[in-house]
Protein chains: 2
Amino acid sequence: MSDTVSDIIRDKFNVLTRAERKLANVLLDNYPVSGMTSITRLAELAEVSPPSVVRMAQKLGFTGFPDLQNALRDELEATISNPIAKHDRWSQQAPDTHILNRFADAVIDNLRQSLDQLPPEDFDRVSALLADRKRAVYIVGGRITHALADYLFTHLQVLRENITLLPANSNIWPHHVLNMKPGDLLVIFDIRRYERDLINLADMAKEQDVEIILFTDQWGSPVGKAASHRFNIKIEAPSAWDSSVVTLFMLEALTAAVETRIWGVTKSRMKQLEALFDRRKLFR
Amino acid sequence: MSDTVSDIIRDKFNVLTRAERKLANVLLDNYPVSGMTSITRLAELAEVSPPSVVRMAQKLGFTGFPDLQNALRDELEATISNPIAKHDRWSQQAPDTHILNRFADAVIDNLRQSLDQLPPEDFDRVSALLADRKRAVYIVGGRITHALADYLFTHLQVLRENITLLPANSNIWPHHVLNMKPGDLLVIFDIRRYERDLINLADMAKEQDVEIILFTDQWGSPVGKAASHRFNIKIEAPSAWDSSVVTLFMLEALTAAVETRIWGVTKSRMKQLEALFDRRKLFR
DNA sequence: AGGCCTCTGAAACAATATTTTCAAAATTTG
DNA sequence: CAAATTTTGAAAATATTGTTTCAGAGGCCT
């Protein structure tokens, strides 16, 4: 890799003129942000004239000031950008452009941004709600997200009692709404292609004072209006579809958090479950 | 301290329009360096017009783009001069020990290690098999992995024809084995708690010269003996359960790869699907 | 399906930024 | 100390960026 701008400046410091050295000092001080202004302000800051800036840039080997500034920005980007997120090949054996690496980049980026947006207090509040065994929990997903709803259901069901997975068929939903009591929880998955039926369901549930927990994308499903808790998850992927990886991540983290809160209950349920599985084995 | 630009963006994300959201994503991605260009290049990067950039800047409360850019530069300066690695936590707002951060660490580690172990050629070979439309594809999961099987099924089904999801109930599996022809594919999910029924299914299928693609954990399910292709995925999590996040990642990457291989077919199927959905909407 | 409204980008315009020119100031050299 | 040389900044010229206007596109609602 070629030299950084600061290297070049130090290299050529002794062939710089007085005005140029003033500039060099300003640039190196608070490097490289100080170079991210306009040529005019930089000149003012160094108490020299704008032409001096141009001359120096050219003397350092750039075609002009913007060229130098770009170099600075690129350096900055390389320094700043999250070392975990970028320019780190995931599959060493595959080229950067292989779908595995591109997908990994996208997913990490989704994860980082989704977590950035999520106040941990919200997360904690939702895990507390789900850990409150007095509240029944209903879970529902759409066409694509049904599998996620199913996954959450399977796990929560082990943790505690009173978990219901609503069927894919929306015709039956009103029957379930009938059972919902104030304070119960309804977990809704609604991503992209927001589904009209889900809005109706949310409205009906809300009228019964059910608290709604919504998992949606960065744009936000219209169900958000009725929801008391919302997870906005970035779902971009190098593909014709969206990625559910981060959503699944949230579900697992949430499950783990709930598990911690009610470990006593969960532990005994898991033991019981083990016993039941064992009996089935013998039975066969 | 007052809000950062990224805070403001997230705050107002839901009142932003489509073009503005595109911009917001570009800005938040590689923040804040991505905002240090000219309005023109930023607009190009986000694939919107320069006026949209101005409008967004004003919507966020700045007098114009330069004002926003100054704010970004000031933040950058503050960040840079305070080099306490801000970026090694996933959720900045939560402590290191918060489950969100611990889970993120675990998942990234799983992803790294799983990709390390996976020769990309194997991945490519499997994607080629799944893209071969002459081969029927059968998918089956266990108690926990059923949701993953379901997810793969839903996606592959859009990509191409002849995809079958075996039911959870193993009693019916022999009926499906009856239909399998030599060269067909059987995708099996078998993680931890390896399920005896799945081994029997794999053996039966193998006798019919069905090629088996196995998704399993780092230890490897006994189904591996019958499988011609195997994905060993690291599934550790700070919880009583295993994490399926990386498995889902592999499924999505695989789906994307298959999609690329048979884009012609997939595209027309997706169009047709759109049309069907539209008709259903009218129908209601 | 049609009317309303919001959103968007092309183009014109305005404001800055960058570069060039050139003469004066500073520095060097004999 | 003066002539030659270099360096410098004011001002003009040029290039680019940022803003506004406005007509048409696109979404949403009834």
Side-chain angles (χ1 to χ4, degrees), chain A residues 5 12-27 34-73 192-196 198-200 203 217 219-225, chain B residues 5 9 12-27 34-73 274 277-279 281-284:
Chain A
V5 175
K12 305 210 171 171
F13 198 85
N14 44 2
V15 292
L16 295 183
T17 67
R18 199 159 42 86
E20 286 164 355
R21 286 179 189 196
K22 273 198 207 169
L23 265 168
N25 283 326
V26 170
L27 279 179
S34 46
M36 306 299 298
T37 8
S38 73
I39 203 171
T40 324
R41 234 153 296 157
L42 185 61
E44 273 169 21
L45 213 64
E47 299 182 318
V48 301
S49 66
S52 296
V53 182
V54 179
R55 279 189 290 261
M56 166 149 138
Q58 292 169 346
K59 208 162 179 180
L60 295 179
F62 299 94
T63 64
F65 180 70
D67 191 27
L68 183 151
Q69 201 170 50
N70 281 341
L72 283 178
R73 226 207 9 269
R192 192 90 79 154
R193 294 316 182 87
Y194 312 117
E195 298 181 35
R196 184 177 296 267
L198 285 173
I199 303 177
N200 295 335
D203 287 342
D217 52 45
W219 302 288
S221 132
V223 171
K225 285 187 201 115
Chain B
V5 175
I9 292 179
K12 306 214 170 168
F13 199 89
N14 44 3
V15 288
L16 296 183
T17 66
R18 199 161 44 81
E20 288 164 354
R21 285 175 189 201
K22 273 199 212 167
L23 265 167
N25 279 325
V26 170
L27 280 177
S34 47
M36 303 302 298
T37 10
S38 72
I39 201 172
T40 325
R41 235 155 293 159
L42 185 62
E44 273 170 20
L45 211 64
E47 299 181 322
V48 301
S49 65
S52 297
V53 182
V54 179
R55 278 190 289 259
M56 165 147 139
Q58 292 171 346
K59 208 162 177 179
L60 294 179
F62 299 93
T63 63
F65 179 70
D67 191 27
L68 183 152
Q69 202 170 48
N70 282 340
L72 282 177
R73 227 205 7 270
E274 286 303 317
F277 274 120
D278 280 352
R279 275 180 57 189
K281 219 185 271 174
L282 287 179
F283 182 65
R284 293 189 154 188

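Values below: every heavy atom of this structure, side chains too, minus hydrogens, waters and symmetry copies. Chain identifiers are assigned alphabetically (A, B, ...) following the order of the sequence lines, protein sequences preceding nucleic acid strands; residue numbering begins at 1 within each chain.
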Gln58(A), CD: over 12 other non-hydrogen atoms inside 6.0 angstrom | yes
Look at Arg41(B) and dT17(D) and indicate whether a side-chain polar atom (N or O) is within less than 4.0 Å of OP1 or OP2.
-> yes
Leu16(A) CG to dT8(D) P: how many Å, rounded?
-> 10 Å
With sugar-phosphate meaning primed atoms plus P, OP1 and OP2, does Arg18(B) contact a base, only sugar-phosphate, or nothing at under 4.0 Å between heavy atoms?
-> sugar-phosphate
Specify the separation, in whole Å, of atom CG of Leu68(A) and atom C1' of dT18(C).
-> 13 Å
Please report the C-alpha distance between Thr17(B) and Arg55(B) in whole Å, then the side-chain angles of each, then the deciding distance to 0.1 Å, and finally whether the side chain to side chain contact (heavy atoms under 4.5 Å, CB included) criterion is met.
-> CA-CA 10 Å; Thr17(B) 66; Arg55(B) 278 190 289 259; over 6 Å; no
Looking only at side-chain N and O atoms, does Ser49(A) come under 4.0 Å of OP1 or OP2 in dA10(D)?
-> no
OP1, OP2 of dG9(D) versus side-chain N and O of Ser52(A): anything below 4.0 Å?
-> yes
Length of the line joining Glu47(B):CD and dC7(C):P, which is rounded to integer Å = 21 Å
Among the nucleotides dA10(C), dT21(C), dA17(C), whichever has the atom closest to the side chain of Pro51(B) is dA10(C)
Between Glu44(A) (CD) and dT16(C) (C1'), how many Å, whole number?
-> 13 Å
Look at the side-chain N and O atoms of Gln58(B) and state whether any lies under 4.0 Å from the OP1 or OP2 oxygen of dT20(D).
-> yes
Drop me the distance from Asp203(A)'s CG to Leu198(A)'s CG, to the nearest 0.5 angstrom.
-> 11.0 Å
Side chain of Arg55(A): nearest nucleotide among dG18(D), dT18(C), dT21(C)?
-> dT21(C)
Given dG9(C), dT19(C), dG18(D), which nucleotide is nearest the side-chain atoms of Phe65(B)?
-> dG18(D)
For side chain to side chain contact (heavy atoms under 4.5 Å, CB included), just list the numbers for Asn70(A) and Arg73(A), CA-CA rounded to whole Å, side-chain angles, deciding distance to a tenth of an Å, and then say yes or no.
-> CA-CA 5 Å; Asn70(A) 281 341; Arg73(A) 226 207 9 269; 3.4 Å; yes
What integer distance in Å separates Ile39(B):CD1 from dA15(C):P?
-> 15 Å
Measure the OG-CG distance between Ser52(B) and Leu16(B) for me, rounded to the nearest 0.5 Å.
-> 11.5 Å
Using whole Å, report how far CE of Met36(B) lies from P of dA17(C).
-> 14 Å
Lys59(B) NZ to dT6(C) P, straight-line distance once rounded to whole Å | 11 Å
Are any of Ser38(A)'s side-chain N or O atoms less than 4.0 Å away from OP1 or OP2 of dT16(C)?
-> no
Provide, to the nearest angstrom, the distance between the CG atom belonging to Leu23(B) and the P atom belonging to dT8(C).
-> 10 Å
